[in-house]
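All of these numbers come straight from a predicted model, not from anything done at the bench. Chain A is the first sequence line, chain B the second, and so forth, proteins listed ahead of strands; every chain is numbered from 1.
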There are 2 protein chains.
Amino acid sequence: MSESSTAKRPPTIDDVLRLRAAEPVPPADGEAAAGEAAGDADGGAAPTRIVEIARLAGVSPITVSRALRQPEKVAEAKRRKILEIVERTGYATNPHARALRSGQSNIVAAFVSNLQSQQFCLAVQGCGEVLEPQGYQLMIGQTSYSYAKETTMIQSLREMRPAAVMFTGVIEIEENRRALRALGIPIMETWAYPRDPIDMLVGFSNIDGGRLAAEHFAGRGYRRVAFIGRRSGRGALRLTGFREGARAAGLDIVAELSVDRVGSMLDGRRALGELLARNTAVEAVFCANDLLAAGALLEARRLGMRLPDDIAILGFGHNDVAEELPPGLTTIGIDSRDLGRQAGSLILQRMRGETPDEPTRAVELTLTRRGSS
Amino acid sequence: MSESSTAKRPPTIDDVLRLRAAEPVPPADGEAAAGEAAGDADGGAAPTRIVEIARLAGVSPITVSRALRQPEKVAEAKRRKILEIVERTGYATNPHARALRSGQSNIVAAFVSNLQSQQFCLAVQGCGEVLEPQGYQLMIGQTSYSYAKETTMIQSLREMRPAAVMFTGVIEIEENRRALRALGIPIMETWAYPRDPIDMLVGFSNIDGGRLAAEHFAGRGYRRVAFIGRRSGRGALRLTGFREGARAAGLDIVAELSVDRVGSMLDGRRALGELLARNTAVEAVFCANDLLAAGALLEARRLGMRLPDDIAILGFGHNDVAEELPPGLTTIGIDSRDLGRQAGSLILQRMRGETPDEPTRAVELTLTRRGSS
DNA sequence: TTGTAGGCGTTATCAA
DNA sequence: TTGATAACGCCTACAA
């Protein structure tokens, strides 16, 4: 994009001004409190142990514990008094002591393939919305689409001892699947629809997504179509479905271009350039994700093509920035936040010892048509 | 963007196909292992207590503990043997027991203003890169630019008892600042340069950023300039600097448009439309963040304006998707991942009981010029 | 350099 | 419905 060079992909920097940010030098103040172990703040230090509450309430510690965890087992009056004291003093249970004794952590680990992905983050947010009000905390990690990293993270789960784990994806490596099962905690996979989820699943069929893309193209009257995407993971599934759909509808797949990275507009741009250079008279392109599609769309327009007449572009993933690009990107996707919420509520049920009657769920894929197709 | 309607902001959906994703129904398998407490997996269950390692190594538990935490205090041979056994058996320390006894958690809480922000996520990733190899785990929360949410989260920190906290922002509310100090743990603020950080800071001056914007416009010969951004938080600081710089350079600020949301292309688009409707003969617009700038840029081009001749646009934040938009967005920003790394290493020092000699650091602001200015 | 004794704060278990 | 007792697994303090 930089300058007018079109070949160079890493956007060259035309002009860089450097400025050492220097507001009037701040005194290295504020150090006072931090660093010490037990900051005692403003006098009214909150109690740190359950016995202190017990003393104030005139009951035994275990009763306070019950009032907090199983309120129904404590007499109305006592319970009210205890909770009032807890509230007033700002007492907070020590989660480490609790986890140690009960074997129940309040941490739920969430692994995203890529923290930069809007949709994955939305799913995690949705999951957090359900779990946090119940006192659980999400610990977020990134697998970076790397099996090695995934394996490392799963190892570290053994140390972390979370109450449950969720992934924005499915675990393919058998060894990792075994390791996860061995944790003996609820496991949530998402974003695909494998036959044999490890434990619970809120997913959708990427193959169906690809098929839907082909059907959409067929319905709009395009016949010469192409695919841009990764050849592994979900990209491969979307391609599989796209091929099936194309065959069924009698479309010609004139090219399948593979890219290495996920979420790269530049790769999409380059791939479209390459596709056009092949002179395949392609009419419509399905990109396995929205950022690739955004790159392709920008490149097409840069070359003076009109969408969708000269070429149609279809993305995947409901990325709202990409979809804003004129003339609007048609895209297939799911409601990621809702997926996250569903995942969260299943996890919650499982953590409570209930048995969800439907531990494997499918969410709806939708195609949103805009100007690009 | 939808259809050809230009007024409606929430992109209308032209056409929605629904498809119940239905791969061949998967057997609700995989349930087997999960749900139970102590999954005993494949026979070779890893030891869960330090005594088991001690027994295998023929030493006392405390020696194993030392070999793990303070290896230099254990004789070479014993240490090697112990670590070999730990490695081989896959023993993992129970973090809860450890935290309970030592008072040292291995959890670092990180709060981002918005999980959807590429730059904030990058900073968190950078911080994690430094902390994770040292055995710390990042727990990520979102404050949603809401003081109320911020207060709630800070409350929950009392329960969580992390080893340190980092924010992609600074804490303004005095009550929250007090509450944080009272935690007695290292606190890291970022993304601004206040005079009185709570504890540690890796930041930059948003005022300088605004000033830099004005200077850039002056240098390029624009005189009639405008601002689009929030009137609170960092947006307000950037505006302050922009005003100062404009005054110093003799520029006319012909308009200051405020938006309510952060990270909204639509708001940027609308604001630019409004600005142009005012007929102020504006030559250059500084948008307080890149997504606003992207919206403004798209709107300008939709109206057939050429950049930068008809209008120049300057963003803030180094968002790489926004900056890809033709003709390339000029933007001011920092290296967020590096900021995160610096923050991480300061936090690390503090957690180790060292006293960083420079607990308040400034990172470099850079202006990257592309086609839009 | 290694070990012994004991407690961190909570909750499971059993008894009243 | 409430309480006494003990134990979760580790590490601090002190001793050898």
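Regarding B/Arg69, its CZ atom lies at a distance of 9 Å from the P atom of D/dC10, rounded to whole Å. Put simply, CZ on A/Arg161 is 11 Å from C1' on D/dC10, counting in whole angstrom units. In this structure, CD of B/Gln70 is placed 13 Å from C1' of D/dA13, rounded to the nearest angstrom.
Electrostatic pairing of A/Glu175 and A/Arg178 does not count as a salt bridge here, judged by no charged N lying under 4.0 Å from a carboxylate O. Under the 4.0 Å criterion applied to side-chain N and carboxylate O atoms, A/Asp199 and A/Arg350 are assigned as salt-bridge partners. Ion pairing between B/Arg80 and B/Glu84 fails under the 4.0 Å rule for side-chain N and carboxylate O. In summary, A/Arg79 and A/Glu76 engage in a salt bridge, as defined by a charged side-chain N under 4.0 Å from a carboxylate O. A/Arg55 has no carboxylate O lying under 4.0 Å from a charged side-chain N of A/Glu52, or vice versa, which leaves the two without a salt bridge.
With a 4.5 Å cut-off on side-chain heavy atoms, B/Val165 and B/Val108 do not count as touching. Residues A/Phe167 and A/Ile187 form a side-chain contact, since some pair of their non-hydrogen atoms from C-beta on lies under 4.5 Å apart.
Side-chain atoms of A/Gln116 and A/Gln142 form no donor-acceptor pair, as typed in the model, at a separation below 3.5 Å. For the 3.5 Å distance criterion, the side chains of A/Thr93 and A/Arg69 qualify, holding a donor opposite an acceptor. No donor-acceptor contact under 3.5 angstrom links the side chains of B/Glu150 and B/Tyr145, judged on distance only. Looking at B/Gln104 and B/Arg98, their side chains never bring a donor and an acceptor atom within 3.5 Å of each other.
Rounding to the nearest 0.5 Å gives a distance of 13.5 Å between OG1 of B/Thr190 and CZ of B/Arg361. Considering CD1 of A/Ile154 and NZ of A/Lys149, their distance stands at 12.5 Å, rounded to 0.5 Å.
Near DNA chain D, meaning a heavy atom under 4.0 Å from it, residues 92-107 of chain A has A/Leu100, A/Arg101 in order of number. Less than 4.0 Å separates DNA chain C from no heavy atom of any residue of residues 73-87 of chain A. Residues from residues 59-67 of chain A that place a heavy atom under 4.0 Å from any atom of DNA chain D, listed by number: A/Val59, A/Ser60, A/Ile62, A/Thr63, A/Arg66.
Residues A/Trp191 and A/Phe120 bring their aromatic ring centres within 6.0 Å.
Each end of the helix from C/dT1-D/dA16 to C/dA16-D/dT1 gets its own rotation axis from five pairs of C1' atoms, and the angle between them is 20° to the nearest 10 degrees.
On the nucleic acid side, DNA chain C has its first and last nucleotide under 4.0 Å of a heavy atom of chain A at C/dG9 to C/dT13, going 5' to 3'.
Legend: residues meeting side-chain hydrogen bond (donor to acceptor under 3.5 Å, both in side chains) with B/Thr63, ordered by chain and number and at least two apart, are B/Ser60.
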